[in-house]
There are 2 protein chains.
Amino acid sequence: MSVGSVRSNSGKRTEPKEKRRLQLIQATIRSIARHGLSDTTVSTVSTAAGLSQGIINLHFQSKEKLLLETLAYIVDEYKILWEKALKEAGDSSAERLAALLQVDFHPRVCDRNKLSVWFAFWAESKSRPTYRKLCAGRDKEYDAVIFELCKNIISEGKYSGIDAELAARGLSALTEGLWLDMLVNPRNMSRDYARKVSMAYLFHLFPRHYPELNKE
Amino acid sequence: MSVGSVRSNSGKRTEPKEKRRLQLIQATIRSIARHGLSDTTVSTVSTAAGLSQGIINLHFQSKEKLLLETLAYIVDEYKILWEKALKEAGDSSAERLAALLQVDFHPRVCDRNKLSVWFAFWAESKSRPTYRKLCAGRDKEYDAVIFELCKNIISEGKYSGIDAELAARGLSALTEGLWLDMLVNPRNMSRDYARKVSMAYLFHLFPRHYPELNKE
DNA sequence: ATAATGAATGAACAATCATTCATTTACTAT
DNA sequence: ATAGTAAATGAATGATTGTTCATTCATTAT
């Protein structure tokens with residue numbers, strides 16, 4: 001993924017390899033969003049990129065590999081974003097958990113084109129183990145972090161009657177469900193409202209840790 | 001959908017029209033679950049049904065119409081299930097809301113093959129208005145009912161600091177997210193556990209209405 | 001039994017798809 | 001400038017797809 005010492009020569013007919021690959025991946029995202037995965041063909045992608053038919057087999061060996069790298073690109077971007085958020089967040093578990101949710105509703109993550117890609121691959125993950133494995137990496141780490149944070153908050157706040165795992169699983173499922181609503185029915189679910197729904201859940205779980213949420 | 005006065009002649013080579021159509025719809029569900037929507041062809045469906053190639057264009061005019069009717073079938077089944085649950089439920093809003101969640105995690109709804117179909121069409125709904133419209137009907141009614149129930153429970157229980165719409169949207173998003181987890185990672189999310197996550201959410205929202213949930 | 005009906009078949013067809021590769025084009029080094 | 005290298009093209013290819021339809025077959029009515 002390193003761009004390295006690539007000279008800036010945008011618009012030229014021949015671009016450096018990594019730049020073309022990225023361009024094609026982004027064109028793939030747009031094509032999946034516009035036509036759906038079923039109707040995404042080599043032709044729709046290369047047209048979206050403004051390039052020729054053969055370009056895909058030149059830079060990726062096959063259409064299937066392009067699709068896999070497109071999924072990997074989105075998974076990677078998401079992971080980088082929330083790892084960065086964790087680094088920059090404060091020390092308290094409550095802050096760190098809130099920071100994670102900020103990422104989940106960040107414009108770069110909630111972009112409707114990218115959501116199309118997430119759900120396109122999730123939908124086919126049952127029949128394609130390769131897709132599932134790529135996504136499973138994300139889930140495992142992410143869920144573990146959220147679980148730890150919930151556990152800390154519960155013991156810090158001496159909350160009784162809250163199971164950390166139930167709360168954590170609920171939180172991550174809630175996020176996924178809100179993503180789906182934003183994808184399918186964007187008029188009824190904006191990014192900002194989704195964030196509010198998610199924060200309301202946090203407030204009801206841990207009222208003493210998120211008192212300010214009650215006033216929004 | 002009325003089977004009417006159809007004589008039972010299972011196994012015969014020529015079945016009544018409605019029976020064949022249902023058989024093909026169920027084969028389509030299995031095919032989408034097994035191969036994904038992208039790789040579901042007329043051939044995979046007819047093979048899954050144990051019938052010949054031409055059968056699909058005979059009973060449905062095209063593959064596209066078969067897919068639409070398959071989605072409509074699942075949407076319909078779900079609607080019938082939760083309308084029936086509402087009729088049979090008690091009068092209190094708390095009971096009625098719990099009854100709805102029971103349906104959401106009913107084996108007939110959470111069947112992994114059917115979840116594959118839901119998500120396959122949701123994933124493509126952005127590019128196919130026809131799919132979105134079919135699903136939108138479900139969402140609108142369902143969300144309205146959940147919202148009303150939440151509103152009633154809030155006023156009954158004099159809960160302060162809970163916005164009914166935030167709670168309702170959260171509840172329906174949570175369900176969808178749990179469905180996704182059951183589809184993508186069934187080992188980590190069973191039907192029973194999903195139900196528990198969802199009930200825990202209810203308990204934290206309305207603790208005085210669902211005291212028993214805290215002991216499970 | 002026989003004829004009539006229509007459901008089911010599957011080979012054939014046209015369209016669409018991913019992939020290949022000989023050719024063209026652009027950039028770099030000398 | 002020129003040769004050499006790499007990138008990009010797009011027509012051609014073979015495989016796959018949805019659809020059609022003449023034929024076969026099972027059931028029903030006479």
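What you see is a predicted model; the values in this text were computed from it and never measured. In what follows, chains are A, B, ... by sequence order, proteins preceding strands, each numbered from 1.
B:Gln26 is linked by a side-chain hydrogen bond (donor to acceptor under 3.5 Å, both in side chains) to nothing, counting only residues two or more places apart in sequence or in another chain.
Rounded to an integer number of Å, the gap from CZ of B:Arg21 to C1' of C:dA8 is 16 Å. The CG-P distance, from A:Leu51 to C:dT25, rounds to 17 Å in whole Å. Distance CD (A:Glu18) to P (D:dA7): 12 Å, rounded to an integer number of Å. In this structure, A:Lys17 atom NZ and C:dA26 atom P are separated by 21 Å, rounded to whole Å.
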Per-nucleotide protein contact string for nucleotides 16-23 of chain D, where B marks a base within reach and S marks sugar-phosphate only (heavy atoms under 4.0 Å, - for neither): -SSBB---

Side chain to side chain contact (heavy atoms under 4.5 Å, CB included) between A:Lys126 and B:Asn113, intermediate numbers included: CA-CA 9 Å; A:Lys126 181 173 185 293; B:Asn113 290 345; 3.8 Å; yes

Audit row: B:Leu67, B:Phe121, side chain to side chain contact (heavy atoms under 4.5 Å, CB included) steps and yes/no: CA-CA 9 Å; B:Leu67 293 179; B:Phe121 285 100; 4.2 Å; yes

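Side-chain proximity of B:Ile55 to the nucleotides C:dA8, D:dA8, D:dT9 is greatest for C:dA8.
The phosphate of D:dA8 (OP1 or OP2) has a side-chain N or O of A:His59 nearer than 4.0 angstrom. Contact between the side-chain N/O atoms of A:Arg20 and the OP1/OP2 oxygens of D:dA7 is not found at any separation under 4.0 Å.
Between A:Trp122 and A:Trp179, the ring-plane angle classifies as parallel under the 30° and 60° cut-offs.
A salt bridge links A:Arg128 to B:Asp39: at least one charged side-chain nitrogen sits closer than 4.0 Å to a carboxylate oxygen.
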Could you list the donor-acceptor pairs under 3.5 angstrom formed between side-chain atoms of residues 95-102 of chain B and any protein atom two or more places apart in sequence or on another chain?
residue : atom : partner : partner atom : Å
B:Glu95 : OE2  : B:Ser92 : OG           : 3.2
B:Arg96 : NH1  : B:Leu86 : O            : 3.3
B:Arg96 : NH1  : B:Gly90 : O            : 3.1

